[in-house]
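A short worksheet on the structure shown next.
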Protein chains: 2
Amino acid sequence: MAIPRAAKTQRRTRIQEEKEERILEAALDVFSQNGFRGATIDQIAEAAGMSKPNLLYYFRTKEAIHRQLIDRVLFTWLEPLRAFDAEGNPESEIRSYIRRKLEMARDFPRESRLFANEVLQGAPHIEDELKGPLKALVDEKAEVIRTWARSGKIAKCDPYHLIFSIWSTTQHYADFDVQVRAVLGQNYAGEGRFEDAARFLEQLFIDGLRARQS
Amino acid sequence: MAIPRAAKTQRRTRIQEEKEERILEAALDVFSQNGFRGATIDQIAEAAGMSKPNLLYYFRTKEAIHRQLIDRVLFTWLEPLRAFDAEGNPESEIRSYIRRKLEMARDFPRESRLFANEVLQGAPHIEDELKGPLKALVDEKAEVIRTWARSGKIAKCDPYHLIFSIWSTTQHYADFDVQVRAVLGQNYAGEGRFEDAARFLEQLFIDGLRARQS
DNA sequence: CGATAATTTGACCGCTTGGTAAAACATTAC
DNA sequence: GTAATGTTTTACCAAGCGGTCAAATTATCG
């Protein structure tokens, strides 16, 4: 009798732990490439090397898999912003924020695309998280930036749009990877593009935000 | 007898013209919100106010609708970059390019999202266009930028990443609109965000690219 | 008008999809 | 060992999907 699925007992078995991980890993592949509606349970099951009903034994619905993935990603995705330190040196804080975000785009492109897919399609599953925790965190860091600007450490600028522009420029290398590769062409498209991007973006933001007297 | 669908005669009737337009308009809504796989013909037909078989009388397959939409968008989407003038003043050229791209994000967000959806999911339908015409155009304009940099009119920088960063920052306001609204909150989220964005981005890029002696 | 071509509809098909039921099989605890 | 629990499989279903077909309807033109 196994009516209640894999969650009746509080303790998760070794098998549960391992299989759920495999499913999430496979689902990340599939969701990030096809979006929620475009992904099928069969695809995920095959990628995870198990049958569809077996997968559904661990996650009752497609949405359940997606939700858990999104929750994870959302958390780690904001890590770099959380690390933004009000006490640190503005220039080096911004510089290392850009660098960290770029590293994430390079090392976790699937996570970035999962998130992009979700937001692009109207964020039907995470509107609350965006309006709640995300907004709160951004508000907090925006205040830090505003303080820096007021004390003349960086140029006066709208902190929200500054954050948006760092998000968009860095995530571009994950979300629009195909386009970036197509434009740069074979010759250029080694992983070196991330270093070139880092150099360019650091120059742009640091020089663009350098405090001016005018 | 109407065996060959709406294309046998070279001359397109008034009805054809009008219905096809209505279908494409509806399809833009649906595709841009759900991506290709996520969109259904029924949805598009309903949005266009006609029955599914009727829609399929004008476009034989779902892909045919999508392809035509993509072709259109791709063309108009590159218009601002094409307008980039080698003879013009670098600062004002860059400034107006940013402004135009932002206007497009504001006025044609569905087109932007259609494109983003496509690229995000690996650009299965437009890889050739990216590697061909798009790359060619970017290569050309990159050379212009490089010339400006060499002659000291703007700071030395990687022209490709400069273009990427303008694309990403401006399109962000269309593609990630939900997130932008969520973060800015009710108070801020009037259309004024585009003006704030324009101010910020112009400042960032102009100051970030101002020629330096160092 | 009448004929011919263009358009629209309703019924339908085969396939894929998310999800279920129940029984077979494996593991663990005593 | 054996009983209880946890896991996996096989067979299946109802709904949704892209698309077809033939008949019905409407527009066009001489």
Side-chain angles (χ1 to χ4, degrees), chain A residues 1-24 26-27 29-31 33-70 121 124-125, chain B residues 1-24 26-27 29-31 33-70 121 124-125:
Chain A
M1 188 246 274
I3 297 165
R5 280 181 157 90
K8 185 205 191 158
T9 51
Q10 307 301 47
R11 292 205 43 45
R12 304 194 347 185
T13 70
R14 174 181 42 84
I15 290 183
Q16 269 173 43
E17 198 101 23
E18 185 207 310
K19 290 286 171 77
E20 285 179 14
E21 212 46 52
R22 255 171 58 197
I23 292 170
L24 289 172
D29 261 2
V30 178
F31 279 132
Q33 202 161 52
N34 304 101
F36 181 76
R37 285 213 56 186
T40 74
I41 298 184
D42 293 84
Q43 275 178 305
I44 300 171
E46 199 196 324
M50 65 183 75
S51 68
K52 179 167 65 169
N54 194 6
L55 181 152
L56 286 164
Y57 172 72
Y58 293 101
F59 291 89
R60 281 218 280 277
T61 65
K62 186 175 150 183
E63 295 212 14
I65 312 174
H66 191 254
R67 168 158 295 270
Q68 189 153 334
L69 264 184
I70 287 270
Q121 312 203 347
H125 305 94
Chain B
M1 190 243 279
I3 297 166
R5 280 182 158 91
K8 187 207 194 154
T9 51
Q10 306 302 47
R11 294 211 33 54
R12 301 189 358 180
T13 69
R14 175 181 42 84
I15 291 185
Q16 268 172 45
E17 198 102 23
E18 185 207 310
K19 290 286 170 78
E20 284 178 14
E21 213 45 52
R22 253 170 59 196
I23 291 169
L24 288 171
D29 261 2
V30 177
F31 279 132
Q33 201 160 53
N34 303 100
F36 181 76
R37 286 213 54 186
T40 74
I41 298 184
D42 293 86
Q43 276 178 303
I44 299 172
E46 199 196 326
M50 63 184 74
S51 68
K52 179 166 62 169
N54 195 6
L55 181 152
L56 286 165
Y57 173 72
Y58 293 102
F59 291 88
R60 281 219 281 279
T61 64
K62 185 174 148 184
E63 294 213 16
I65 312 175
H66 190 254
R67 169 158 295 269
Q68 188 152 335
L69 265 183
I70 287 270
Q121 312 204 347
H125 305 94

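Just so you know, these numbers come straight off a predicted model, no measurement behind them.
Listed by chain and number, the residues in a side-chain contact (heavy atoms from CB on, under 4.5 Å) with A:E46 amount to none (sequence neighbours excluded). Applying the side-chain hydrogen bond (donor to acceptor under 3.5 Å, both in side chains) rule to A:Q33 yields no partners; only residues at least two apart in sequence or on another chain are considered. Under the rule for a side-chain hydrogen bond (donor to acceptor under 3.5 Å, both in side chains), the partners of B:D29 that lie at least two apart in sequence or sit in another chain are B:R110. In this view, A:R22 and A:E18 satisfy the salt bridge (Lys or Arg N to Asp or Glu O under 4.0 Å) rule, not counting sequence neighbours.
Rounded to whole angstrom, the span from the CD atom of A:E18 across to the P atom of C:dT27 amounts to 12 Å. Look at CG on B:L55: it is 15 Å from P on C:dG10, rounded to the nearest Å. One interatomic measurement links the two molecules: CZ of B:R22 to P of C:dT7, which rounds to 13 Å at whole-angstrom precision. Atom OH of A:Y58 is separated from atom P of C:dG19 by 18 Å (rounded to the nearest Å). Between B:E20 atom CD and C:dA6 atom P the separation is 14 Å, expressed in whole Å. In this structure, A:F59 places its CZ atom 13 Å from P of D:dT8, rounding to the nearest Å. Spacing between atom CZ of B:R60 and atom P of D:dT20 amounts to 9 Å, rounded to whole angstrom units.
B:Y57 has no side-chain polar atom (N or O) that falls below the 4.0 Å cut-off from OP1 or OP2 of C:dT8. Put simply, A:N54 has no side-chain N or O that comes within less than 4.0 Å of OP1 or OP2 on D:dT7. Remark: A:S51 is not in phosphate contact with D:dT8, judged by side-chain N or O atoms under 4.0 Å from OP1 or OP2. Within the structure, a side-chain polar atom (N or O) of A:Q16 is placed less than 4.0 Å from OP1 or OP2 of D:dT7.
Listed nucleotides: C:dT7, D:dT8, D:dT20. Nearest to the side chain of A:K19: D:dT8. Side-chain proximity of B:P53 to C:dA11, D:dG6, C:dT20: nearest is C:dA11.
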Please report, to 0.1 Å, the donor-acceptor pairs under 3.5 Å made by any side chain of residues 48-55 of chain B, with sequence neighbours excluded.
from	atom 1	to	atom 2	distance (Å)
B:S51	OG	B:N54	N	3.3

Enumerate all atom pairs, one protein N or O and one N or O from nucleotides 12-17 of chain D, separated by less than 3.5 Å.
from	atom 1	to	atom 2	distance (Å)
D:dC17	OP1	A:R37	NH2	3.4

message = Let's go through B:F59 and B:L24 carefully: what are the C-alpha distance in whole Å and the side-chain angles of both, what is the deciding distance for side-chain contact (heavy atoms from CB on, under 4.5 Å) to 0.1 Å, and is it a yes or a no?
response = CA-CA 10 Å; B:F59 291 88; B:L24 288 171; 4.0 Å; yes
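In plain terms, the two heavy atoms of B:A27 and B:I65 that are nearest each other are CB-CG2, 3.5 Å.
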